[in-house]
Amino acid sequence: MPTKKSSKPAIKQIKPSGKTDENFFSWVYDVARQIPKGRVTSYGAIAASLGAKSSARMVGWAMNGAQKLKPKVPAHRVVNRNGMLSGKMHFDTPDAMEKLLAKEGIKVKNDQVVDFEKHFWDPAIEL
DNA sequence: GCATTGACGAAGG
DNA sequence: CCCTTCGCCAATG
């Protein structure tokens with residue numbers, strides 16, 4: 001039943017222009033979606049698992065579109081190396097990230113994840 | 001087309 | 001120990 005029209009290409013289209021090598025970006029989204037509930041990881045860890053540990057910034061930039069992506073990417077589970085919610089301000093509301101984390105059992109204090117190491121999830125190892 | 005910025009990270013002073 | 005600088009690469013002005 002090949003009635004499958006070529007529609008809905010997994011992941012892509014970060015930009016309506018259709019530019020951008022979605023390779024790197026897509027990988028980031030893919031990994032981010034695989035983050036177990038109640039766990040967090042860092043931008044650098046994701047970048048490193050992709051073979052671009054130096055491009056942690058790109059991971060963060062990728063997250064910028066992650067919120068609108070479908071299915072949405074749990075960007076709230078991704079924080080910086082210090083466990084700080086550096087990207088909370090980029091959500092719909094500054095409280096969204098903190099709230100989502102708290103909902104999954106992760107405590108956030110002063111924009112920082114409590115017991116970050118304990119909740120840390122390394123895609124390069126676990127994946 | 002060049003300059004600045006950015007949800008980071010590691011290294012240097 | 002805190003602050004500054006560099007690297008990374010793409011988007012935006």
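Note: hydrogens, waters and symmetry copies are ignored here, and every other heavy atom, side chains too, is used. In the text below, chain A, chain B and the rest are named by the order of the sequence lines, each starting its count at 1. Computed from a prediction, not measured in an experiment: that's the story for all the values here.
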Starting at atom [atom1] of [X], determine the distance to atom [atom2] of [N], rounded to an integer number of angstrom.
X       : N      : atom1 : atom2 : answer
A/Asn64 : C/dC9  : CG    : P     : 19 Å
A/Met58 : B/dG6  : CE    : C1'   : 8 Å
A/Phe24 : C/dA10 : CZ    : P     : 9 Å

Between [X] (side chain only) and [Y] (backbone N and O only), is there a donor and an acceptor less than 3.5 Å apart?
X       : Y        : answer
A/Thr41 : A/Trp121 : yes
A/Asn80 : A/Gly83  : yes
A/Ser42 : A/Ala45  : yes

**OP:** Within residues 45-52 of chain A, find the residues that approach DNA chain C with a heavy atom at under 4.0 Å, and present them sorted by residue number.
**Re:** none
Original post:
Taking the P atom of each, how far is B/dT5 from C/dT4, in whole Å?
Top reply: 16 Å
Original post:
On a whole-Å scale, what distance lies between the P atoms belonging to B/dT4 and C/dT5?
Top reply: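 Straight-line distance between the two P atoms is 15 Å.
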Original post:
Taking all non-hydrogen atoms of both residues, which atom of A/Ala56 and which atom of A/Tyr43 are closest, and how far apart?
Top reply: O-CB, 3.9 Å
Subject >> Nearest heavy atoms of A/Phe116 and A/Arg81, plus distance in Å >> reply: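 Minimum heavy-atom separation between A/Phe116 and A/Arg81: CE2-O, 3.6 Å.
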**OP:** Scan residues 74-109 of chain A against DNA chain B and write down, sorted by residue number, each residue with any heavy atom closer than 4.0 Å; if none is found, say none.
**Re:** A/Ala75, A/Asn80, A/Arg81, A/Ser86, A/Gly87, A/His90, A/Phe91
Subject >> A/Arg39 side, atom CZ; A/Ile106 side, atom CD1 - distance, nearest 0.5 Å >> reply: 9.0 Å
Subject >> Nearest-0.5 Å distance that lies between atom NZ in A/Lys109 and atom CD in A/Glu98 >> reply: 11.0 Å
**OP:** Would you kindly check whether a donor in the side chain of A/Arg57 faces an acceptor in the base of C/dC9, or vice versa, at under 3.5 angstrom?
**Re:** no
Original post:
In terms of side-chain heavy atoms of A/Ser54, which of B/dA7, C/dC8, B/dC8 is nearest?
Top reply: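 Nearest to the side-chain atoms of A/Ser54, counting from C-beta on, is C/dC8.
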Subject >> Sequence-distant partners of A/Trp61, side-chain contact (heavy atoms from CB on, under 4.5 Å), two or more places apart >> reply: A/Phe25, A/Asn64
